[in-house]
Amino acid sequence: MSKVVKAKYTAEAVSGFNHRTAMEEAARCLLCHDAPCSQGCPAGTDPAKFIRSIRFRNVKGAAETIRENNVLGGTCARVCPYDRLCEEACSRCGIDRPIEIGKLQRYAIEQEEVFGMQTLKAPADKKAGKAACIGAGPASLACAAELAKAGYDVTVLEREAKAGGVLTYGIVPSRLPQAVVDHDIAQVEALGVKFEFGKDVKEADTEGYDAVFIGTGLWGTKIPDIEGKDLKGVYAAADFLKAARTTGEGFDPGKKVIVVGGGDVTVDCAVTAKLLGAEDVKIVYRRTLEEAPGNMTEFQYALQLGIGITTGMAPAAVKGSGKVEKAVFKGFRDEGASLELSADTIVFATGQGPEDMTKVVPVTVTDKGMIAAGEDGAAGGKFFAAGDIVNGGKTVVEAVAAGKEAAASMIAYLEKKGVN
Amino acid sequence: MAVKKDLSINYLGVECENPFFLSSSPVGSNYEMVAKCFETGWGGVFYKTVGIFVADECSPRFDQTNKEGLPWLGFKNMEQISDKPTELNFENMRKLKRAYPEKIMVASIMGSTEQEWKDLAKMAEQAEADLIEGNFSCPQMTSHAMGSDVGTNPELVKSYSKAVTSVTDIPFIAKMTPNITNMEVPAIAAIEGGAASVSAINTVKSITNIDFENMTGMPVVNGKSSISGYSGAAVKPIALRFIAQMLQNEKLKDLEISGIGGIETWRDCAEFLALGCRNLQVTTAIMQYGYRIVEDMANGLMHFMDERGYNKLEDFIGLALGNIIPAEDLNRDFKILPKFDDNKCIGCGRCYISCYDAAHQAIDWNAETRRPELNDNCVGCHLCLNVCPVQECITPGEIKWKDGREQVDIALKHHYD
């Protein structure tokens with residue numbers, strides 16, 4: 001019988017390093033010239049530098065490097081797809097296996113909290129310009145932090161009751177504990193960034209600001225147009241994860257849960273269901289694992305929890321009287337194949353789409369509804385945008401990178417406008 | 001950088017932006033190298049030793065010792081003083097001083113006669129060096145008139161120091177060899193000869209490894225090898241010992257010693273400073289990792305000062321020196337029993353093995369629970385604590401006073417990394 005891992009919904013799945021084990025791991029680092037890991041980080045977190053600091057017993061310096069380069073350093077340490085970024089680039093792969101960069105980053109940020117460090121400080125000289133960031137997700141937080149560091153007055157306008165966006169409402173806490181997100185957000189707050197919650201922004205709300213950043217993410221849900229999609233027990237991934245995050249341990253995911261999709265969000269939904277007490281959880285994906293956008297480490301974690309993964313089957317119908325009882329799948333490429341599974345809950349993690357952004361602010365959108373912004377984030381006039389609402393849904397670290405980039409453009413714009 | 005602390009220090013009358021200097025060695029042997037080290041943040045350089053003698057080097061010339069996969073515990077170097085023309089070296093020093101006036105140039109020199117020492121000192125002065133170091137201690141020289149044999153001979157140390165200080169007013173630092181029982185003797189001789197201070201330690205005479213292919217030492221030069229200098233992390237304890245002994249000598253207590261020996265991290269720097277050094281020299285760690293290590297030395301030292309409320313290096317220089325006391329003066333009235341954390345314990349039994357085979361058979365092994373159990377044999381030696389692989393699993397516990405001894409307040413160490 002296979003050994004299945006038992007875990008709690010809110011307990012972090014992977015344990016971190018202590019001082020000794022962190023030193024052992026840092027000692028494995030080759031301290032390369034032109035370190036490929038640092039070149040592999042979209043947000044410029046500079047792992048080569050912070051690992052070198054740990055290696056030379058300067059843990060505070062390591063935390064400083066991370067925080068100065070990536071305001072969401074604690075979060076990224078948990079959710080970054082390392083195996084595709086810095087760790088894949090690691091020279092140590094040529095000897096045995098890469099340095100556990102994410103885990104070292106986590107260690108440094110944990111020590112930052114232990115030491116009560118406050119690395120980021122707003123300059124004493126304030127600038128006249130006022131900026132707003134719509135949405136309190138990764139791109140917006142990164143943008144707000146950069147603007148505040150430059151001395152601007154920044155307000156984040158958020159629809160929900162808490163900051164964090166997808167970090168707070170869309171990721172399973174065993175992968176990203178809320179305390180980690182809150183600690184990162186506290187760094188943004190320490191820069192003097194103001195937050196207004198419960199704010200469904202309209203264009204009029206942006207009037208008092210010299211520059212406005214839009215980082216609203218993708219919260220429009222996509223459920224395939226199939227029979228039974230409106231039955232009770234059918235969820236879109238974002239709604240399912242948000243309901244679980246806001247309810248916590250008391251959330252009832254149902255006994256038999258099917259999650260449809262092949263991304264990290266799919267795994268998050270399946271893990272959420274399993275950790276909250278579902279007896280039988282299955283992931284069903286229409287393509288092959290090789291084609292799946294999700295991280296292999298995440299799929300492996302799902303397997304460890306005893307979650308089944310079925311590929312090659314696409315959803316065809318949801319059946320039941322009043323509530324979900326069964327899900328029907330057809331072969332995606334194998335036309336003759338069919339599958340019928342009984343279920344209490346079906347979660348569609350088949351991608352999220354944009355809400356109608358033109359109703360919020362005067363921006364142009366692409367045919368897919370994303371904001372048409374340049375690589376520098378410019379979206380026309382005083383408006384700038386970055387993150388999922390521009391790129392169609394990528395990683396947290398890419399949102400941080402894009403948010404930083406947009407902030408640089410906004411600063412240039414504000415300087416040109418003369419509100420310094 | 002979030003933390004900013006003043007690392008500047010006056011060393012022998014010379015204002016230094018920080019105490020981090022390259023020691024006289026392969027790491028600072030031409031213009032480009034020293035320029036790069038200055039750009040990286042080093043406060044000064046002891047330029048590779050210059051003599052009238054120009055070295056003729058062997059190949060290969062380095063070896064290193066390691067233990068259980070950890071390389072460079074110690075490092076062996078057979079390279080001698082500079083193999084570049086004497087004039088070129090002094091010309092480089094002058095150009096560097098002019099290009100980087102705020103950085104400190106120390107000319108390290110080595111003569112084989114009094115006249116050579118005088119000539120070299122004059123050349124250093126003409127090269128506009130801020131300080132001069134006399135290399136009395138290189139263990140790999142090919143002549144007994146130069147190198148560490150000189151450093152073990154107080155008469156020679158004194159007369160050569162006198163030769164240098166008779167021709168120049170530039171403060172002179174005598175570099176000490178550890179290949180001696182009492183370093184105070186040559187150090188006092190140097191001061192009597194007019195030296196302003198000493199630097200310690202140069203490398204330790206060594207044979208690092210025996211090569212069985214050639215039945216000789218490492219490195220192998222045409223099937224042979226030689227005894228030569230050992231450096232790096234392994235020699236730090238030896239350096240700290242000599243420095244403490246010199247600074248505790250009545251005649252040497254006010255010396256502004258330049259500390260050398262296995263410095264790699266800000267922590268090593270803080271240790272040498274806490275013992276009383278006012279200047280720090282580094283080579284081996286640079287050979288392994290490059291000049292960039294100074295970044296974490298500076299930043300880490302600033303964080304250390306910030307944490308402890310120190311504003312300048314003087315706030316903690318020498319604080320540890322008075323607490324190094326003769327063994328007979330230690331309080332021997334108590335023992336501290338180790339405390340075992342059964343939850344952190346992973347059941348490896350290493351504490352049991354070491355205690356039985358190398359200490360006092362004070363740990364019983366509970367084979368059922370796979371946990372150590374302390375018995376009455378314990379003398380509080382803490383071998384178990386030192387061998388335990390788990391962080392803070394075995395820690396200092398109960399204090400037991402020996403029968404009839406006076407119980408007083410004692411200072412304890414609580415945290416082990």
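Below, chains carry the letters A, B, ... as their sequence lines are ordered, and counting in each starts from 1. Excluded from the calculations below are hydrogen atoms, water molecules and symmetry mates; all remaining heavy atoms, backbone and side chain alike, are included.
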- Message: Between R52(A) and E295(B), does any side-chain N to carboxylate O distance fall below 4.0 Å?
- Response: yes
- Message: What part of Y289(B) gets within 4.5 angstrom of chain A, counting heavy atoms only: side chain, backbone, both, or neither?
- Response: side chain
- Item | Residue, of M23(A), K49(A), R55(A), that accumulates the most heavy atom pairs under 4.5 Å with chain B | R55(A)
- Message: For a quick test of reading the model, state the closest non-hydrogen atom pair linking E64(A) to V3(B) and the distance between them.
- Response: OE2-N, 3.8 Å
- Task: Output the option from G300(B), G69(B), G290(B), A285(B) having the highest count of non-hydrogen pairs under 4.5 Å with chain A.
- Result: G300(B)
- Message: Please output the residues of residues 119-127 of chain A in contact with chain B, using a heavy-atom cutoff of under 4.5 Å, in numerical order.
- Response: T119(A), K121(A)
- Note on the structure: In this structure, CG of D296(B) is separated from OG1 of T65(A) (nearest 0.5 Å) by 7.5 Å
- Query: Is there side-chain contact between E264(B) and R57(A), with at least one heavy-atom pair below 4.5 Å?
  - Reply: no
- Message: Quick one: does any side-chain atom of Q391(B) pair with a main-chain N or O of H19(A) as donor and acceptor, under 3.5 Å?
- Response: yes
- Message: Do R292(B) and H33(A) make a side-chain contact, defined as non-hydrogen atoms from C-beta onward lying under 4.5 Å apart?
- Response: no
- Query: Would one find more than 12 heavy atoms of other residues, nucleotides or ligands at under 6.0 Å from atom NZ of K413(B)?
  - Reply: yes
- Query: Do the charged groups of E392(B) and R20(A) touch, with an N to O distance under 4.0 Å?
  - Reply: no
- Minimum heavy-atom distance T265(B)-F56(A), with the two atoms named: CB-O, 3.5 Å
- Note on the structure: Here the gap from M117(A) atom CE to E307(B) atom CD, rounded to the nearest 0.5 Å, amounts to 10.0 Å
